[in-house]
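Every chain is numbered from 1 and lettered A, B, ... according to where its sequence line falls, protein lines coming before strand lines.
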Amino acid sequence: MSSARNMIALKSILHKETHRFMRIWVQTLVPPAITISLYFVIFGSLIGSRIGKMGGFDYMAFIVPGLIMMSVITNSYSNVASSFFSAKWQRNVEEMLVAPVPNWVIVAGYVGGGMARGILVGLIVTIIAMFFTDIQIYNIWVIILTVALTSATFSLGGLINAVYAGSFDDISIIPTFVLTPLTYLGGVFYSISLLPEFWQGVSQLNPIVYMVNAFRYGFLGISDVSLTLAFSVLGAFIVTLYAIAMYLITKGIGLRS
Amino acid sequence: MSKALDITGLKKTYKGGFQALKGIDLSVNQGDFFALLGPNGAGKSTTIGIITSLVNKSEGQVKVFGYDIDSDLETAKSHIGLVPQEFNFNQFESLTKILVNQAGYYGVERATAHQRAEKYLKQLDLWDKRDNAARMLSGGMKRRLMIARALMHEPQILILDEPTAGVDIELRRSMWEFLRELNKQGITIILTTHYLEEAEMLCRNIAIIDSGVIVENTDMKSLLAKLDMETFVLDLKAGSPAPQIQGFCSRVIDDHTLEVDVRKSQRINDVFQQLSEQNIDVQSMRNKSNRLEELFVSLVGSGEQEGEK
């Protein structure tokens, strides 16, 4: 298949994926907006006003980047996990499997759809945050790069989850038992420099720490970890997860008998 | 004549050890209307699954218009349109979106895809439903949607796995007409079906598969010529005396129904002559069953006996 034809196939998958989450916007875009608004009200305004400064900033300003990143992570992951599993369950994934669509186009199409939802929800949350605090931007390129790489990472994770999933329960296990704890312990609500030395070391094993801190650096110019290390971790995750996703789709695990 | 499909030594063993295909050879000429028949579990859908890359083969070679699925899979796929047995579209999408997206997977530009979607939705009497979610369609409409979807990239070979299952007779006949028209336009058609009448009505060549083995592969006329005997059901005028037919195997079903087995070497005229001599009037006559069905049962039945040995 020529590259022009591959691009049409990629656009078709992207169109299908973005249309899917836009069609069910009440399920996909509204809930994160409500959840994050509650975080802003409770943790930011009510409790945050009693906490004082964190990293030299008001608590509300400190948690905004982490909460945006939390929305991006959750929505990128769940978009691809539920969409790809649904395509498996309804068997309409076969529409792509019988067509001359290269496997990398299938992976890129679904990841692109996950990124689109993650970034759109991130934008919605950012707009909501503007009602609670003044958003400042320290380095826009770091923000854009971090959000793009993070949403790609978790979209790939959602795809791998969906490939292995045998039921709808299976696509909620990882978000519930892995993603949520890692996100809450990933420095969204606190600076890891507040932790005892041992737990600081443990926190550095948590990849979400690097994503949240790189993102916070883009807004506030502060980070608990080096930016180079943060982007290296993100890059390593993307390369590894992409290789796993490609292997699974090429082998047809859970897709071909 | 060039081959639309050429299969040699195709084997498939599923995890768990079930051998669905035991080394089948099959070829279909370009422009053919070909039937692949077999009972449930015979290997029809596995064969189609391998051709369309939904099932990984264990051994053997499959070529589609000369393109080997091992070395030229994408080119081979671009020649095939598949109408699967199960509904496998997104039930929540509109008909137009399903068709246009499918065309996109084959590299068809969106503007062209919209034109083709309109053409096929109109031809298959689905145009009024174009903006409806697919789940709102009836079973017959869903089948037609899958045919439209398979045609969106204008394939050279159309494979239909039980396309008229659960479709009422009127709709089935209109689908037959549609398929005949496609075949006239040069599209090679491969059909699996349980309706043997369908194969007899539509197809020029036929393969019968049973327990993963091709038990017959020939043209329809030759196959039907192998049928040695037909059973006729005669409706006799009420009050007729009990008939005595010499030289034929016959059965009196009730006081006005007679079944007679007529071999190819025999003449049905002789039956009428004997009945006439006995002053028995025949009001009507019909075949007891589809001829192909009788042959099918005999072929598949012998396969089962071999399998049990």
task = Could you tell me which portion of B/Lys12 (side chain, backbone, both or neither) has an atom closer than 4.5 angstrom to a non-hydrogen atom of chain A?
result = side chain

request  = Nearest 0.5 Å please: distance from the NE2 atom of A/His19 over to the OG atom of B/Ser94.
outcome  = 6.5 Å

task = Decide if atom NZ of B/Lys122 counts as having more than 12 heavy atoms of other residues, nucleotides or ligands within a radius under 6.0 Å.
result = yes

inquiry  = Could you go through A/Ile8 and B/Val108, starting from their C-alpha distance and side-chain angles, then the distance that decides it, and tell me whether this counts as side chain to side chain contact (heavy atoms under 4.5 Å, CB included)?
reply    = CA-CA 7 Å; A/Ile8 295 172; B/Val108 178; 5.9 Å; no

query = Side chain, backbone, both or neither: which part of A/Ile13 has a non-hydrogen atom closer than 4.5 Å to chain B?
reply = both

Contacting moiety of B/Tyr14, where chain A heavy atoms sit under 4.5 Å = side chain

task = Taking the side chain as every heavy atom from C-beta outward, state whether B/Tyr105 and A/Ile106 have any atom pair closer than 4.5 Å.
result = no

note = Counting heavy-atom pairs under 4.5 Å with chain B, the top scorer among A/Asn92, A/Ile24, A/Leu10 is A/Asn92

key: Greater than 12 external heavy atoms within 6.0 Å of A/Phe237's CZ   = no

query = Checking A/Lys88 against chain B: side chain, backbone, both or neither under 4.5 Å from a heavy atom?
reply = neither

request  = Sort out for me which of B/Leu73, B/Thr52, B/Val100 touches chain A most, counting heavy-atom pairs under 4.5 Å.
outcome  = B/Thr52

inquiry  = Could you check whether any side-chain heavy atom of B/Ile98 comes within less than 4.5 Å of a side-chain heavy atom of A/Glu95, counting everything from C-beta outward?
reply    = yes

task = Quick one: closest heavy-atom pair of B/Gln91 and A/Gln90, and the distance?
result = N-OE1, 2.8 Å

message = Using a 6.0 Å cut-off, check whether atom NZ of B/Lys129 has over 12 heavy atoms from anything other than its own residue.
response = no

ask   = Could you give the distance from CZ (A/Arg5) to CD (B/Glu74), rounded to the nearest 0.5 Å?
value = 11.5 Å

message = Can you confirm whether more than 12 heavy atoms, excluding those of A/Phe231, are under 6.0 Å from its CZ atom?
response = yes

key: A/Trp89, CH2: over 12 other non-hydrogen atoms inside 6.0 angstrom   = no

request  = List the steps and the verdict of salt bridge (Lys or Arg N to Asp or Glu O under 4.0 Å) for B/Glu93 and A/Lys16.
outcome  = CA-CA 9 Å; B/Glu93 287 284 11; A/Lys16 174 176 74 76; over 6 Å; no

task = Check whether any side-chain heavy atom of B/Arg110 sits under 4.5 Å from a side-chain heavy atom of A/Lys11, and report yes or no.
result = no

query = For A/Tyr247, does the OH atom sit with more than 12 other heavy atoms under 6.0 Å from it, leaving out its own atoms?
reply = no

message = Report which part of B/Phe92 has an atom under 4.5 Å of a heavy atom belonging to chain A: side chain, backbone, both, or neither.
response = both

request  = Examine whether an atom of A/Arg20 lies under 4.5 Å from a heavy atom of chain B, and if so say whether it belongs to the side chain, the backbone or both; otherwise answer neither.
outcome  = neither

ask   = Tell me, side chain or backbone of B/Leu54 under 4.5 Å from chain A's heavy atoms, or both, or neither?
value = both

query = NZ of B/Lys77 to CG of A/Leu97: how many Å apart, nearest 0.5 Å?
reply = 6.5 Å

key: Which atoms of B/Glu109 approach chain A - backbone, side chain, both or neither, heavy atom under 4.5 Å   = both

remark   = Counting heavy-atom pairs under 4.5 angstrom with chain A, the leader among B/Thr46, B/Ile50, B/Asn90 is B/Asn90

request  = Identify the two heavy atoms, one from B/Ser78 and one from A/Pro100, that lie closest to each other, and give their separation to 0.1 Å.
outcome  = CB-CG, 4.0 Å

